[in-house]
Amino acid sequence: LHTAVLLLGLQSAAPATPPPQFPNWETCPVHGLDLSPDGATLAAVNTADARVEIFEMAPLGSSAPPRHRGSVPAGLEPASVRFRTARELW
């Protein structure tokens, strides 16, 4: 019994293999979400995929989740999204 406990203790004391190195150079979002002035559309930056995701919001008071309506290519590492008008993003 003592031998089994000792072997288990030695096994768990072995150093873990470090994970492979992966440099993550993504820029942190500054203003990653924005709701359109009319409240009908939500825009979200997708930095890893260099896109802005567009969602249709449910009417106020509804428990329905936002519906994905599409993606817009946004160039390298989008970090911020803002509505200028109800139909124009910057």
Side-chain angles (χ1 to χ4, degrees):
L1 179 64
H2 293 292
T3 306
V5 171
L6 180 61
L7 288 176
L8 287 175
L10 288 176
Q11 210 171 27
S12 65
T17 304
Q21 294 295 318
F22 175 75
N24 185 355
W25 299 103
E26 289 179 9
T27 304
C28 293
V30 175
H31 194 269
L33 295 172
D34 200 22
L35 190 61
S36 63
D38 62 4
T41 307
L42 176 72
V45 295
N46 181 347
T47 304
D49 203 26
R51 296 181 170 278
V52 173
E53 307 294 338
I54 307 296
F55 296 88
E56 180 182 330
M57 299 299 291
L60 190 61
S62 171
S63 63
R67 286 189 335 170
H68 188 257
R69 302 305 291 166
S71 296
V72 179
L76 184 62
E77 295 188 352
S80 183
V81 64
R82 293 287 179 128
F83 276 94
R84 182 168 178 264
T85 68
R87 301 191 50 88
E88 184 181 356
L89 286 170
W90 285 81

Checklist entry - Which heavy atom in I54 sits nearest to a heavy atom in A43, and how many Å separate them? => result CD1-CB, 4.2 Å

Item to check | Pairs involving residues 27-47, ordered by first then second residue, that meet ring pair (Phe, Tyr, Trp, His ring centres under 6.0 Å) (sequence neighbours left out) | outcome: none

Checklist entry - Who pairs with S36 by side-chain hydrogen bond (donor to acceptor under 3.5 Å, both in side chains), at least two apart in sequence or on another chain? => result D38

Checklist entry - What residues, two or more places apart in sequence or in another chain, satisfy ring pair (Phe, Tyr, Trp, His ring centres under 6.0 Å) together with F83? => result none

Item to check | For the student: nearest non-hydrogen atoms of A58 and A64, plus distance | outcome: CB-O, 3.5 Å

Checklist entry - What residues, two or more places apart in sequence or in another chain, satisfy side-chain hydrogen bond (donor to acceptor under 3.5 Å, both in side chains) together with R87? => result none

Checklist entry - Where is the tightest heavy-atom contact between T47 and E77, given as atom of each residue plus distance? => result CG2-CA, 4.0 Å

Checklist entry - With sequence neighbours excluded, what pairs up with A74 under the side chain to side chain contact (heavy atoms under 4.5 Å, CB included) test? => result V52, P78

Next on the checklist: Please enumerate all residues that pass side-chain hydrogen bond (donor to acceptor under 3.5 Å, both in side chains) together with S71, with sequence neighbours excluded.
Outcome noted: E53

Item to check | Nearest atoms (heavy-atom pairs only) where D34 meets R82 | outcome: OD2-CA, 3.2 Å

Checklist entry - Pairs in or reaching into residues 50-69: which pass ring pair (Phe, Tyr, Trp, His ring centres under 6.0 Å), with residues at least two apart or in two chains? => result F55-H68

Next on the checklist: Going by side chain to side chain contact (heavy atoms under 4.5 Å, CB included), name the residues that satisfy it together with S63, two or more places apart in sequence or in a different chain.
Outcome noted: none

Next on the checklist: Testing the basics here: between C28 and A79, what is the closest heavy-atom pair and its distance to 0.1 Å?
Outcome noted: O-CB, 3.9 Å

Checklist entry - So which pairs with a foot in residues 59-69 pass salt bridge (charged side-chain N to carboxylate O under 4.0 Å, His left out), sequence neighbours left out? => result E56-R67, E56-R69

Checklist entry - What residues, two or more places apart in sequence or in another chain, satisfy salt bridge (charged side-chain N to carboxylate O under 4.0 Å, His left out) together with R84? => result E88

Next on the checklist: Quick one, V72 and L89 - any side-chain contact, counting heavy atoms below 4.5 Å?
Outcome noted: no

